[in-house]
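Notes follow once the structure below has been shown.
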Amino acid sequence: MRASIADIATHVGRQVTLHGWLHARRSSGKIHFLIVRDGTGFIQAVMSKAAVGDEAFLRADHLSQETSLSVTGAVRADARARGGYEIDVTSLEVHGDSHDYPITPKEHGVDYLLDRRHLWIRSERQTAILRVRHEVISAVRDFFNGRGFILCDTPIFTPAACEGTTTLFPVQYFEDTTAYLTQSGQLYNEANAMALGKVYCFGPTFRAEKSKTRRHLTEFWMVEPEMAYADLHDVIELAEGLLTSVVARVLETRRPELQILERDTSKLERVTAPFPRLTYDEAARRLAEKGQPFEYGTDLGGSDETVLSEQFDRPVCVTHYPAAVKAFYMKADPRQPDKALCVDVLAPEGYGEIIGGGQREDDLQRLEQRIRAHNLPPQAFEWYLDLRRYGSVPHGGFGMGIERCVSWICGLEHVRETIPYPRMLYRLYP
RNA sequence: UCCUCGGUAGCUCAAUGGCAGAGCAUCCGGCUGUUAACCGGAGGGUUGCUGGUUCGAGUCCAGCCCGAGGAGCCA
């Protein structure tokens, strides 16, 4: 009977066949310990000379790492085994051999592993991270679908800068047109929200910034909800609801993976609403109290975010940044026009900004002014201005970077491990 | 783009300006409860590249290439 390792507990006492790969092998004169993985988990298969006979035992003597094989045997609970179960092999079939597998059980450098990312993802740690990523994405979709949001994806080829502030990847679009890879679905989302009320897009995003830090990728995935008839308060509540629901789901379904990653889950248990809320001015005061060198009026830097988030045990929402440092479409606070109705959510433990968003400028004249002030080509935004010409309403939303979110939930050092094939400044292979 | 650090065996790393080394991996042998198993043996080198200083350079100097961490920018 065919079985998978994930549900091996349901097969105790029965004879099963596992289809997988040899992850590692330890051998004695008359007993082999084969660590087999099948994509759903890892298990130790025990092959004794007495049980399989001399010939079969000898053949298994030289099985090497990542040989694809099927093992058949009885499932047995065993306290000595990691995972609690073992399989006593009665027969073994090899499908494809594997010589000099480059990723050995010993340590390797990051550069070496990234050059072999297509093989690295087979490791226990990497498969655990990718399962958590899957769960985060799945929880995000369930959250929005459950709240009546319509998935309405935005284009990846775009005619011009969405925000005009960051560098874009140009691509040749037929003979004589240049298109750019999207850096945000934001503007299209606003149009979609005027059509469907509550929408979200979820796709890859591209930033040609020459960033070289543990928080940056040139290609990453972002989920962006947008709501018509919504203000900053609604946006913050939505962000809070999303994060608490995603963390709760991962804790509920991916404990074994978090354990493999040695994640301190008590820190995730504390991620419940409400999140602390600070204005930019309050944040600046806190930074000054901590002696953090910070120039009032500028955006928060990486170390500023770390100092702030360390003061709380859950994500913190920072609102009302100076309008000057934020994107042109942010609505100014009517009560203090130099501040924007925006929110950044900073993850705990120094993981920094994982969500950025706010209320959008819905007044035609003010928006035109902002476009001019940012030196953006007005003709590129005519369609966007139409949204203010034909039934403008207060609206808002945010973007959440999936990789930063997964990195935080998994407790990783670098976002590059949260995506199957990371794209970075100096890395486009494999 | 800037700052800092690094590049030596397949991998991870040692080596005061003076014989190029270890562990793991690989191959051979041993071992019936191993958990990155262990024990014995063998093979394995254009020290990133180019030039310079020196009796002598992995080591010092210059330039270049590649990578990592950080800054700026951002999710």
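Below, chains carry the letters A, B, ... as their sequence lines are ordered, and counting in each starts from 1. The structure displayed is predicted, hence computed values, not measured ones.
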note = Judged by nearest nucleotide, the residue sitting upstream toward the 5' end of RNA chain B, A:Gly401 or A:Tyr101, is A:Tyr101
key: Listed nucleotide nearest any side-chain atom of A:His414, set B:G33, B:G69, B:G67   = B:G69
inquiry  = Taking the six-membered ring for Trp, are A:Phe202 and A:Phe144 closer than 6.0 Å centroid to centroid?
reply    = no
key: Presence of salt bridge, A:Lys339 and A:Asp333, under 4.0 angstrom   = no
query = Taking atom types as they are modelled, is there a donor-acceptor pair under 3.5 Å from the base of B:G33 to the side chain of A:Glu86?
reply = yes
ask   = Ring stacking, A:Phe220 with base of B:A75, under 5.5 Å and under 30°?
value = yes
task = Select base, sugar-phosphate, or nothing to describe what A:Lys212 touches, counting heavy atoms under 4.0 Å on all strands.
result = base
message = Under 4.0 Å, heavy atoms only, any strand: does A:His216 hit a base, just the sugar-phosphate, or nothing?
response = base
query = Does B:U34 have a Watson-Crick or wobble partner in any strand here, with both distances under 3.5 angstrom, and which is it?
reply = none
ask   = A:Cys410 versus A:Arg263: any side-chain heavy-atom pair under 4.5 Å?
value = no
request  = Considering only atom C1', compute the distance from B:A14 to B:U50 and round it to an integer number of Å.
outcome  = 27 Å
request  = Just call it for A:Ala50: base, sugar-phosphate, or nothing, with non-hydrogen atoms closer than 4.0 Å on any strand.
outcome  = base
What are the atom names and distances for every N/O pair under 3.5 Å that joins the protein to nucleotides 4-11 of chain B?
from	atom 1	to	atom 2	distance (Å)
B:C11	O2'	A:Glu107	O	3.1
B:C11	O2'	A:His108	ND1	2.6

request  = With A:Arg117 as the cation and A:Trp120 as the aromatic partner, state whether NZ or CZ is under 6.0 Å from the six-membered ring centre and within 45° of the axis.
outcome  = yes
query = Taking the nucleotide of RNA chain B with the closest heavy atom to each, which residue, A:Leu114 or A:Arg82, is nearer the 5' end?
reply = A:Arg82
message = Under 4.0 Å, heavy atoms only, any strand: does A:Leu217 hit a base, just the sugar-phosphate, or nothing?
response = base
ask   = Which residue pairs pass the salt bridge (Lys or Arg N to Asp or Glu O under 4.0 Å) test when at least one of the two sits in residues 238-250 of chain A, sequence neighbours left out?
value = A:Glu135-A:Arg249, A:Asp142-A:Arg249, A:Glu240-A:Arg277
key: No-H, no-angle donor-acceptor pair, A:Arg427 side chain to B:C66 base, under 3.5 Å   = no
ask   = Is the closest side-chain heavy-atom distance between A:Glu403 and A:Trp221 below 4.5 Å?
value = yes
key: side-chain N/O A:Arg416 vs B:G69 OP1/OP2, d < 4.0 Å   = yes
inquiry  = Using a 4.0 Å heavy-atom cut-off, does A:Asp299 contact any base of the nucleic acid, only the sugar-phosphate backbone, or nothing at all?
reply    = sugar-phosphate
query = Are A:Asp231 and A:Lys331 within salt-bridge range, i.e. N to O under 4.0 Å?
reply = no
inquiry  = What's the gap between B:U53 and B:C66 when it is taken at their P atoms, as a whole Å value?
reply    = 28 Å
ask   = Is there a Watson-Crick or G-U wobble partner for B:G17 with both distances under 3.5 Å, and if so, which one is it?
value = none
message = Over all strands shown, is A:Gln44 touching base, sugar-phosphate only, or nothing at heavy-atom distances under 4.0 angstrom?
response = base
key: Ring geometry between A:Tyr112 and A:His108 (parallel below 30°, tilted from 30 to 60°, perpendicular above 60°)   = parallel
message = Need one value for A:Arg80: base, sugar-phosphate or nothing, where a base atom within 4.0 Å counts as base even if backbone is also close, heavy atoms only.
response = base
message = Between B:C13 and B:G29, how far apart are the two P atoms, rounded to whole Å?
response = 33 Å
task = Go through B:G33, B:C28, B:A75 for me and flag the one nearest to the A:Ile31 side chain.
result = B:G33
query = Taking the side chain of A:Phe33 as heavy atoms from C-beta outward, which of B:U32, B:C74, B:U34 is closest to it?
reply = B:U34
message = Counting the atoms with a prime plus P, OP1 and OP2 as sugar-phosphate, which does A:Arg125 contact under 4.0 Å by heavy atoms, base, sugar-phosphate, or nothing?
response = nothing
